[in-house]
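Numbering of ligands and ligand atoms starts at 1, following listing order.
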Amino acid sequence: MPDPASPWRPCFITTPIYYVNDRPHIGHAYTSLAADVLARWRRLEGRDVFFLTGTDEHGQKVEKAAKDAGMDPQDFTDQVSQHFRDLAVTMGFSNDGFIRTTEDRHKRACAALWEKLAANGEIYLGHYEGWYAVRDEAFYGPDELTERDGVKYAPSGAPVEWVREPSYFFRLSAWADRLLKLYEDNPDFILPASRRNEVIAFVKAGLGDLSISRTSFRWGVPVPGDDAHVMYVWLDALTNYITAAGYPDDPAAFEKWWPADIHFVGKDILRFHAIYWPAFLMAAGLAPPKRVFAHGWWTNEGQKISKSLGNVIDPVALVDEFGLDPIRYFLLREVPFGQDGDFSRAALIARNNGELADTLGNLANRTLSLIQRNCEGRLPPPATVRDTDQLFIQELKVLPTEVRVRLDSQEFHLALDAIMAAARSANGYITVHAPWALKKTDPARMLEVLRHLHDALRVFATVLQPFMPTTMAKLLDQLGVPEEARGLGALSTPLPGGLVLPPPAPLFAKIEAGA
Ligand code: MSP
């Protein structure tokens, strides 16, 4: 069994599984991007990572979308699920697994979890009568609704309908105290802290039992022993995380990967992950996940994104237009992770031009061109640190740790902020020490300055790999860093002097403001 205290222990990172009622949009790309960056970072640390994403294919909403498309639900989900796999390729996601809830292994896991809950006396048969929003696949209390033109709406803006049918219930009400204890004992279980407080307030206000089966439609996992019912789509969907970890078929895998280190979710689905999910798990005698991080929502040029407004952002079109790495960088750089943020072309162009092209790209280009021209394209030997280098070298030394601390708490924007600050210092260093002028006056010192700058670029490229994998691979190639020396651990071993470096090529293109 892996030692839970070891920093090298396996690490299981998940995204939500996405509804296959529609094509992927920026929100899907965003949640998965954050998970991808953390997964890539953990691999750089040397950890054994399982990064999971997938599609949520059952329920009324998907059934309705299939019907509207005039298709059989399975054919429909096969088709739409593929768009999410394609998105993962377009966005450069490094997921190790992709789960679909229509797979047999998943149906077995749902049945096993249900049977365990039933055996533990956590489920009873009753009657549900109340409001349901198909768009959210969620039940709402009457006090949560607002009414316009005779139609009632959930807080999310989704219309609700009255549902009355026999239903199995999960004894959620009995879990409130144990949930509150979970939050109290694990202050980082729900991040960011503001969201944690919301969840605590919600649980303290009292939890009712939860309807976990439906009889009015068929597109779901049948309830074991009672075919008239299909499982509530959220019970089915949440179970994906343990299915993929090996439950119940592969106990060794399950022991290795579970509990998940982190579930990345949007703020709209936090309640399901931070309340229902740990309650189901604890009720089945399984450990809750270690963390649920709820990120905010994007608006488009200041407007709420919605299909009816026609302002949905297509991630594939963005990547086509601006290139993958600038988009990956922008999404995690622009907005503090956890807060809402606005997508604007002007902001994207400003980040790309000011930070990627002018700060990082320019630094790489200047340094590598100087080495090419003045050192016959060979890396100068490891350099002595002079008094005037101290400050800069110190900043570089602590950078990987600073990035690690930020990523451990999912503060992606602050990790990037720290890297950009160091890159600006490097640009300051090159200006102050003017290696081009040293060529004639002090060539030995020129070699030192260029070597320090090369070392700096190596650090930047290494820690930026999770954010911009393709461009940083190019930069590491240009820096002459061999494949096996691109992990964080390798940073403490200097590259040998004399290494022949390939000719530099620009890394980032500026985007015209009028674009
Ligand atoms: N199927 C459920 C999740 C089940 S997980 C066991 C679901 N799917 S979804 O297709 O609606 O995807 C939701 C994800 O996209 C959420 O993390 C949500 O927050 C995110 N986004 C949807 N629109 C968004 C924005 N405008 N901005 C940022 N993310 C948003 O919910």
Pairs where residues 82-103 contributes a residue and the test salt bridge (charged side-chain N to carboxylate O under 4.0 Å, His left out) is met, not counting sequence neighbours: R43-D96, E57-R100, D78-R100, E103-R105
Residues which pass side-chain hydrogen bond (donor to acceptor under 3.5 Å, both in side chains) with D22, listed by chain and number, not counting sequence neighbours: K307
Using the test side-chain hydrogen bond (donor to acceptor under 3.5 Å, both in side chains), find all partners of R42 that sit at least two apart in sequence or belong to another chain. E45, D408
H58 and ring pair (Phe, Tyr, Trp, His ring centres under 6.0 Å): which single residue from Y232, W219, Y19, F217 fits? W219
Whether R328 side chain and M91 backbone form a donor-acceptor pair below 3.5 Å: yes
So is R196 actually on top of Y183's ring, under 6.0 Å and inside 45° of the axis? no
Protein N/O near ligand 1 N/O, under 3.5 Å, which pairs?
{"from": "ligand 1", "atom 1": "1 (N)", "to": "I17", "atom 2": "O", "distance (Å)": "2.8"}
{"from": "ligand 1", "atom 1": "1 (N)", "to": "D56", "atom 2": "OD2", "distance (Å)": "2.7"}
{"from": "ligand 1", "atom 1": "10 (O)", "to": "Y19", "atom 2": "N", "distance (Å)": "3.0"}
{"from": "ligand 1", "atom 1": "10 (O)", "to": "H28", "atom 2": "NE2", "distance (Å)": "3.1"}
{"from": "ligand 1", "atom 1": "17 (O)", "to": "T31", "atom 2": "OG1", "distance (Å)": "3.3"}
{"from": "ligand 1", "atom 1": "17 (O)", "to": "G266", "atom 2": "N", "distance (Å)": "2.9"}
{"from": "ligand 1", "atom 1": "19 (O)", "to": "D268", "atom 2": "OD1", "distance (Å)": "2.6"}
{"from": "ligand 1", "atom 1": "19 (O)", "to": "W297", "atom 2": "NE1", "distance (Å)": "3.2"}
{"from": "ligand 1", "atom 1": "26 (N)", "to": "W298", "atom 2": "O", "distance (Å)": "3.3"}
{"from": "ligand 1", "atom 1": "27 (N)", "to": "W298", "atom 2": "N", "distance (Å)": "2.9"}

